[in-house]
Amino acid sequence: MNILIDLYEWSVLYGRNGKKSKYHNPIVRQRADPWIYKHTDGYYYFTGSVPEYNLIELRRAKTINGLADAETKAVWYKHSEGPMSANIWAPEIHYINGKWYIYFAAAKSAETKEGLFDHRMFVLETDAENPLEGEWKEKGQIKTKWETFALDATTFEHKGILYLVWPQKDPEIIGNSNLYIAEMENPWTIKGEQVMITKPEYDWEIKGFLVNEGPAVIKRNGKVFISYSASATNHHYCMGLLSADENANLLDSCSWEKAKQPVFETNETTSQYGPGHNSFTVSEDGNEDVIVYHARNYKEIEGDPLYDPNRHARAQVFSWDQNGAPYFGIPEPDSKTK
């Protein structure tokens with residue numbers, strides 16, 4: 001038995017290729033919904049939800065491990081009142097057509113109505129070369145089909161078209177949020193019809209809450225993949241995966257195939273609970289794909305999990321399976337203290 005445990009621990013720590021994890025996890029403590037963007041200047045730009053949910057901060061470093069101690073700059077603060085005055089969630093930084101954009105969710109109150117917050121999606125813009133030094137302008141709310149709970153907007157370009165993917169509450173569908181896709185007229189405006197590409201339906205998507213949220217896009221092997229997170233934000237939180245052929249009509253819901261099982265989930269052996277709300281980047285040499293996500297290292301939580309601050313940002317290299325789909329394995333254990 002001890003031999004089996006040792007072999008298992010070796011596989012967890014060193015992976016299928018016998019290589020020790022190159023990232024010291026957590027990479028950034030108390031930053032949920034982590035987003036990393038590697039720019040052409042060689043810097044990794046990082047943002048995520050701060051525990052107070054009151055501002056948006058950025059940091060950058062030449063290495064992923066270097067983000068832990070990187071200088072941090074608050075680039076935007078919540079308003080004192082109005083629709084951007086509470087619960088600033090899940091900022092993402094993107095570089096589109098020579099300008100930087102931050103997508104985030106905000107609410108007019110921290111209160112809930114019928115179990116839902118009142119979030120909407122908003123966009124900031126700067127043309128500064130270094131976004132930590134830029135003057136960020138508010139481009140306003142991203143308007144969708146309904147004035148309902150909406151959050152976690154992400155964008156991607158494919159075949160010359162800019163798309164938005166986001167979770168939202170459909171008033172006619174039971175649950176918290178489904179995922180939608182739409183073409184974009186510009187980085188803060190969608191055009192045409194929004195199309196639902198997944199709703200919570202499997203067992204692992206409806207534990208605690210009926211949730212599909214936190215989309216992130218990666219393209220490889222002739223396909224477009226969208227990872228997303230499901231269920232409540234405790235140890236039930238996990239990741240699902242959608243895929244479409246790169247030549248398909250991405251605005252046709254039938255183009256998207258949904259994995260029937262979660263692709264990344266809680267692992268008791270490595271003491272990683274509720275992994276999810278991820279982003280994708282590449283290693284420093286550009287040769288390996290990296291998933292960035294949050295998780296806790298304990299299961300029991302007092303009170304509402306949303307107000308437990310210890311969802312730490314983590315990173316690990318992942319591979320691709322024989323069918324050309326991403327293979328994330330299991331969330332790695334915390335690194336030993338430096």
With a 3.5 Å cut-off and no angle check, do the side chains of Asp334 and Gln272 form a donor-acceptor pair?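 Yes, side-chain donor-acceptor contact under 3.5 Å.
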
Do Asp285 and Ser283 get their side chains close enough for a donor-acceptor pair, meaning under 3.5 Å?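 Judged by distance alone, the side chains do pair up.
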
Is a donor on one side and an acceptor on the other found under 3.5 Å between the side chain of [X] and the backbone of [Y]?
X	Y	result
Thr233	Pro305	no
Asn65	Lys22	yes
Asp152	Gly214	yes
His235	Gly274	no
His24	Lys336	yes
Asp245	Asn247	yes
His294	Asp33	yes
Lys199	Leu210	no
Ser255	Asn249	yes
Thr126	Trp100	no

Return the minimal non-hydrogen interatomic distance between [X] and [Y], and the atom names on each side.
X	Y	result
Ser227	Met239	CB-CE, 3.9 Å
Ile36	Ser279	N-OG, 3.3 Å
Phe264	Ile330	CE1-C, 3.6 Å
Pro91	Ser49	CD-N, 3.9 Å
Glu129	Pro131	O-CD, 3.6 Å

If the plane angle is over 60° it's perpendicular, under 30° parallel, otherwise tilted; pick one for Trp35 and His94.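 Tilted.
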
Can you establish whether the number of heavy atoms outside [X] located under 6.0 Å from its atom [atom1] is more than 12?
X	atom1	answer
Lys99	NZ	no
Phe225	CZ	yes
Tyr95	OH	yes
Lys169	NZ	yes
Glu135	CD	no
Lys258	NZ	yes
Lys260	NZ	no
Asp203	CG	no

With side chain to side chain donor-acceptor pair (under 3.5 Å) as the criterion, how do Tyr202 and Gln261 come out once you've worked through the C-alpha distance, each side chain's angles and the decisive distance to 0.1 Å? CA-CA 8 Å; Tyr202 294 126; Gln261 299 296 329; over 6 Å; no

State, yes or no, whether a side-chain contact exists between [X] and [Y] at a heavy-atom distance under 4.5 Å.
X	Y	answer
Leu58	Ile102	yes
Leu132	Glu71	no
Pro200	Asn178	yes
Pro326	Leu241	yes
Ile64	Val292	no
Tyr298	Asp308	yes
Lys78	Met84	no
Ile190	Glu183	no

Test side chain to side chain contact (heavy atoms under 4.5 Å, CB included) on Val217 and Tyr163; report intermediate values, then the result. CA-CA 11 Å; Val217 179; Tyr163 293 92; over 6 Å; no

Does the pair Arg59/Glu57 count as a salt bridge with the N-to-O cut at 4.0 Å?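 So Arg59 pairs with Glu57 through a salt bridge.
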
Would Arg220 and Asp289 pass as an ion pair if we require N to O under 4.0 Å?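 Salt bridge between Arg220 and Asp289, a charged N being under 4.0 Å from a carboxylate O: yes.
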
Measure centre to centre between the rings of His277 and Tyr237, then say whether the value is under 6.0 Å.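 Judged by ring-centre distance (under 6.0 Å), His277 and Tyr237 do not meet the cut-off.
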
Would a line drawn from the ring center of Tyr45 to the ring center of Tyr37 be shorter than 6.0 Å?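 Ring centroids of Tyr45 and Tyr37 are no less than 6.0 Å from each other.
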
Atom pair [atom1] ([X]) and [atom2] ([Y]), whose distance is rounded to the nearest 0.5 Å:
X	Y	atom1	atom2	value
Ser271	Glu332	OG	CD	13.5 Å
Asn297	Arg314	CG	CZ	5.5 Å
Glu213	Ser177	CD	OG	5.5 Å
Tyr103	Leu151	OH	CG	15.0 Å
Ile181	Leu164	CD1	CG	8.5 Å
Asn176	Asn212	CG	CG	10.0 Å

Might you work through the side chain to side chain contact (heavy atoms under 4.5 Å, CB included) test for Glu138 and Phe122, ending with a clear yes or no? CA-CA 8 Å; Glu138 296 175 1; Phe122 299 90; over 6 Å; no

Report the C-alpha distance between Thr189 and Lys143 in whole Å, list the side-chain angles of each, state the deciding distance to 0.1 Å, and finish with yes or no for side chain to side chain contact (heavy atoms under 4.5 Å, CB included). CA-CA 7 Å; Thr189 310; Lys143 294 291 187 176; over 6 Å; no

Worked check of salt bridge (Lys or Arg N to Asp or Glu O under 4.0 Å) between Lys62 and Glu284: CA-CA 8 Å; Lys62 289 285 190 177; Glu284 287 76 2; over 6 Å; no

Out of the candidates Trp76, Trp136, Tyr53, Trp89, only one should pair with Phe104 under the ring pair (Phe, Tyr, Trp, His ring centres under 6.0 Å) rule; please name it.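 Checked Trp76, Trp136, Tyr53, Trp89 against Phe104; only one passes ring pair (Phe, Tyr, Trp, His ring centres under 6.0 Å): Trp76.
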
Between Ile161 and Phe156, is there a shared hydrophobic cluster once you connect ILVMFWY residues whose side-chain heavy atoms come closer than 4.5 Å?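 Cluster IDs for Ile161 and Phe156 match.
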
Are Gln168 and Thr144 close enough, and set up right, to give a side chain to side chain donor-acceptor pair (under 3.5 Å), and what steps lead you there? CA-CA 9 Å; Gln168 188 166 13; Thr144 64; 2.8 Å; yes

Verdict with reasoning, Asp118 to Ser109, per side chain to side chain donor-acceptor pair (under 3.5 Å): CA-CA 7 Å; Asp118 193 41; Ser109 167; over 6 Å; no

Glu268 vs Lys299, side chain to side chain contact (heavy atoms under 4.5 Å, CB included): CA-CA, chis, key distance, verdict: CA-CA 9 Å; Glu268 298 266 1; Lys299 185 175 183 178; 3.2 Å; yes

